[in-house]
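Computed from a prediction, not measured in an experiment: that's the story for all the values here.
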Amino acid sequence: MSGGVALQALVVGLSVGAVYGLVGLGFSLLWSLTRVLAFAHGDIVIGSVLISVLAVIGTTPVALSPNVVHSLALVVLALLFGVALSVASYAVAVRPFLGRTHRAEDLMGWVAGGVTAGLVIRTALGVALPAAAYAVPDPLHFDQITVTGVLSLPGGGTVGVRVFPVLLIAIAVAIATDRFLVLSRAGRAIRSVADDPDAATLCGVAIERTLLLAFAIAGVLAAVAGLLYAPAGAVGVDQGVLLGLYGAAAALLGRLGSPRDAVVGGVALGVVQQLTQASPHLGAAWASLLPLAVLVVVLAVRPGGLLAPREAFAE
Amino acid sequence: MTTLATDLYLLVAAYGLAIAVSYAGLPVLGQGAFVAVGAFGTSQLAAHGFPLGIAVITSIAMSGLAGYLVGFAAARLAGAQLALATWALAWLAYTALVVFPRLSGGAQGLTRATPAHLVSPSLGLDMTLQPWVHVLVAAAVDVGLAVVLWRSAATAWGLDLAALRSGAALADSLGVPVQRRRRAVLAVAAALGAAGGAGTAVLLGVVAPADYSPLLSLQLFVAVLVGGTATWWGPAIGVALLAALPWTSDRLAGAIDVDPLRARAVLTAVLLVAAIATRRPVARLIRRLGLTTVTTEVVTDEHGALHIPTSPGALLLQLRGVESSYGAVRILDGVDLELRAGEVHALIGPNGSGKSTALRVAAGVVPADAGQVLIQSTAAPTRVAAADRVRAGVVRTLQRTVSLGDLAVATQVAVGARARERAPQLGLRELLRTPSATRVAAARASAVGDAVQLVGLSNRTTAAMTSLDSAEQRLLQLARAVATGAPALLVDEPAAGMSADQRRRLGDVLRTLAESGRGVLLVEHDLRLVGRVADRVTVLAEGRVLASGTPEDVRCDERVRRAYLGDSSL
């Protein structure tokens, strides 16, 4: 692999990985609050974007550059649908299976609930959007920053110019989420529930409302990730599951439940995946297997995340 | 005929998954991956010149091995992570099939001539596998599996699965080797999945990746959810519903003009929703109809199957200078403790003094940082599975009451009695009713009878867990522990939440247990109960032994008064 190709893979990997990180951030946040693994999270990422495309542009979305009104509508609706889907998945597929302290209790119930919620989103979208993949227009017009939409890198590689704003926005959203959790009153409530729901209740935190807020935040993160991810290439409704699993892998590369680890893990995963793809011996086939293999191996070795202490999962 | 055979093969895979999901309580979302191993493994091996029979058996063995390896990881995973890992595995297998056409034959898949011929010169075999042969073979396997699951409910297999289902902590405390059992369950589930896949591959002569997508895993999962927990007929109903899917989805696809595969996914989603929504009502209905009732034999005889051979006063358990820390906090700081046969030894002290930790170190759940644990004067290894401690003679009850599903009292006690049995392949031999297995089962029945008699639950053996009051549930916990045959009983706060009457009853039971030659190490806050039943009292404070002696000695000890009441004089 030449230096130019490697640099190109690195730059693309940072941007793709930051999006994985946002997905992993939502996944991680929901785990720390409820001890539920959000199986439908990836479907919410793709679902929020595709539903808003359906609403604004219709069933034949093409990569036309949408006008300002359409762009704004796309972004706002995607965020709204993200929140709506996430909160709905909480109400239908998570809440009924939580125990007295609002922690996961009925294992078989929420596992089935989660995969079902994902399947429902996928299949409903699949009926509305029957083709294998769609080109989603970029509501943020990142490709119009330069005239050609591409940028030459030293060493002969080129990248689409949109990878830079994608990376910046993803990192900015991740930092904003982290600051929100650390500094704001609502963020402190979320962290207190993650720490100990009983103690949080005694201190006057309204758990139900806090959980709803957390799921709404996860929905926003999902919609942002979807808006950044979808315009990069053709998107099919089934891609959501894979994206969700990539996010899970990102969250598990650090300590499951830690927002910062999820973002760092996502970036690392994205870079390694792009380098794998660029490598002449491995290529795209191995690159598509890599995150899944990472997820399976990490779960087998350290179920609480690669950096988690060993005892973290003593039953 | 071909469709029927396909569905019957699918049922084989569903039975495999049911053992993991509805019997052992392991949320496996990747059965489709194991089915694919069987299907593509068979086709690939056959295409590379292996005889058909060898190809089938090899691919089933490969899948079983894969399941066993997943089990190695699963032994350490909490249930949630197992669901995620197997779901990722389903997508990993499918992605591999899609991106490596050499493995899967591409979108068209691998094809071979049908009907297949089974030729074996050495066995003088030469037959054509017509669809009706497949129907017979698959139906025979299905019926066999159903009968095994039905008949083994009260055998060693059924009891072990019930223990796994109830959670690792309880199973572990009763001496069930949880990790080994989980590996075995997943290996069997995977092998049966592969068997179903291999059968279908031979039958249809074509295997294509699209038929082994993760949707198959979800369909099998819903098939085993439908029938509720641990029912031998559940998977059959589930697969019958799945078999109706293609027919219904083709009608639906024609009616609303969508891709038939999409329509199938829609219906799977509907089925899943229905299965989840009806899970609790169905479970109630099954309970009311008595469809899961497991009858466990209880024999009460005079000589006492659980007779403890130790002489009174013999040393059962000893802690010597035990230290243990949780993070940076030193919980136990050099604790010495003895438990002798025939005594109730109470461990008391203020909250946070290390009583429960001392119990956990003795039971082998928490390793000691320093010091020694001696069981019947033999040093126990510092890091050891709790199951081995139970066999060595130390058993504990958990602080909170955990039930084994809604199994009847006698069956729950029988799970504990399993710890005394050392016969290999007992489940299989019990099914075949071999003479030795019958003897073991008879011994189990009298152990159960003995245990329920010792704790005074003899008249409640057929009661369901849900009909016991909280005191009886505590006594059931004691009975399960007693049934393991371990002479040293570690009992953690048994009187929590009991009324005065119930405490008196509990106190009598604890005395009975001590007089039967056992040693009871009792952690308890109720000092009146302690004063009534304890032969010896040890007071812990801040991880050290403050005083030890008869209840009277300890009551008069000045340091104990200070630890409990502070320095102020009364």
What closest approach, in Å, do [X] and [Y] show between heavy atoms, and which atom pair accounts for it?
X        : Y        : value
A:Asp238 : B:Trp91  : O-CH2, 4.4 Å
B:Ala88  : A:Leu245 : CA-CD1, 4.3 Å
A:Leu107 : B:Gly25  : CD2-O, 4.4 Å
B:Leu225 : A:Ala112 : CD1-CB, 3.7 Å

Tell me, for [X] versus chain B, whether the close heavy atoms (under 4.5 Å) come from the side chain, the backbone, both or neither.
X        : answer
A:Val36  : neither
A:Pro291 : neither
A:Ala248 : side chain
A:Val237 : side chain
A:Leu37  : side chain

Practice prompt. Against chain A, label B:Leu92 side chain, backbone, both or neither, depending on which of its atoms sit under 4.5 Å from a heavy atom there.
Written response: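 Both backbone and side chain.
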Worksheet item: Checking heavy atoms, do the side chain of B:Thr86, its backbone, both or neither come under 4.5 Å from chain A?
Response: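 No part of it gets close to chain A.
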Worksheet item: Going from CD1 on B:Ile276 to OG1 on A:Thr116, what distance comes out if it is rounded to the nearest 0.5 angstrom?
Response: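 Reported to 0.5 Å precision, the distance equals 3.5 Å.
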Discussion item. Quick check for you: to the nearest 0.5 Å, what is the distance between A:Leu290 atom CG and B:Thr95 atom OG1?
Written reply: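 It comes to 12.0 Å.
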Worksheet entry | Top of A:Val298, A:Leu292, A:Leu295 for chain B proximity - count of heavy-atom pairs under 4.5 angstrom |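 The candidate making the most pairs under 4.5 Å is A:Leu292.
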Item to complete: Could you have a look at A:Asp106, A:Val115, A:Leu242, A:Val296 and say which one has the most heavy-atom pairs with chain B under 4.5 angstrom?
Response: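 It is A:Asp106.
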Worksheet item: Heavy-atom distance under 4.5 Å between the side chains of B:Val270 and A:Val120, does that happen here?
Response: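 SC-SC contact between B:Val270 and A:Val120 ruled out.
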Worksheet item: Are the ring centres of A:Trp286 and B:Phe100 closer than 6.0 Å?
Response: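 Yes, the ring centres sit under 6.0 Å apart.
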Fill in: Worked check of side chain to side chain contact (heavy atoms under 4.5 Å, CB included) between A:Val111 and B:Leu84
CA-CA 9 Å; A:Val111 166; B:Leu84 184 58; over 6 Å; no
Discussion item. Using a 4.5 angstrom heavy-atom cutoff, name the option from B:Ser22, B:Ala275, B:Ala269 with the most pairs to chain A.
Written reply: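 Winner by heavy-atom pair count: B:Ala269.
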Worksheet item: Within a radius of less than 6.0 Å around OH of B:Tyr326, do more than 12 heavy atoms belonging to other residues, nucleotides or ligands occur?
Response: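 No - once you tally the heavy atoms of other residues, nucleotides and ligands closer than 6.0 Å, there are 12 at most.
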Worksheet entry | Side-chain donor/acceptor of B:Gln81 to backbone N/O of A:Pro303, under 3.5 Å |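 Here the side-chain-to-backbone pair exists.
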Fill in: Intermediate values then yes/no, side chain to side chain contact (heavy atoms under 4.5 Å, CB included), B:Leu215 and A:Leu119
CA-CA 9 Å; B:Leu215 186 61; A:Leu119 188 66; 4.0 Å; yes
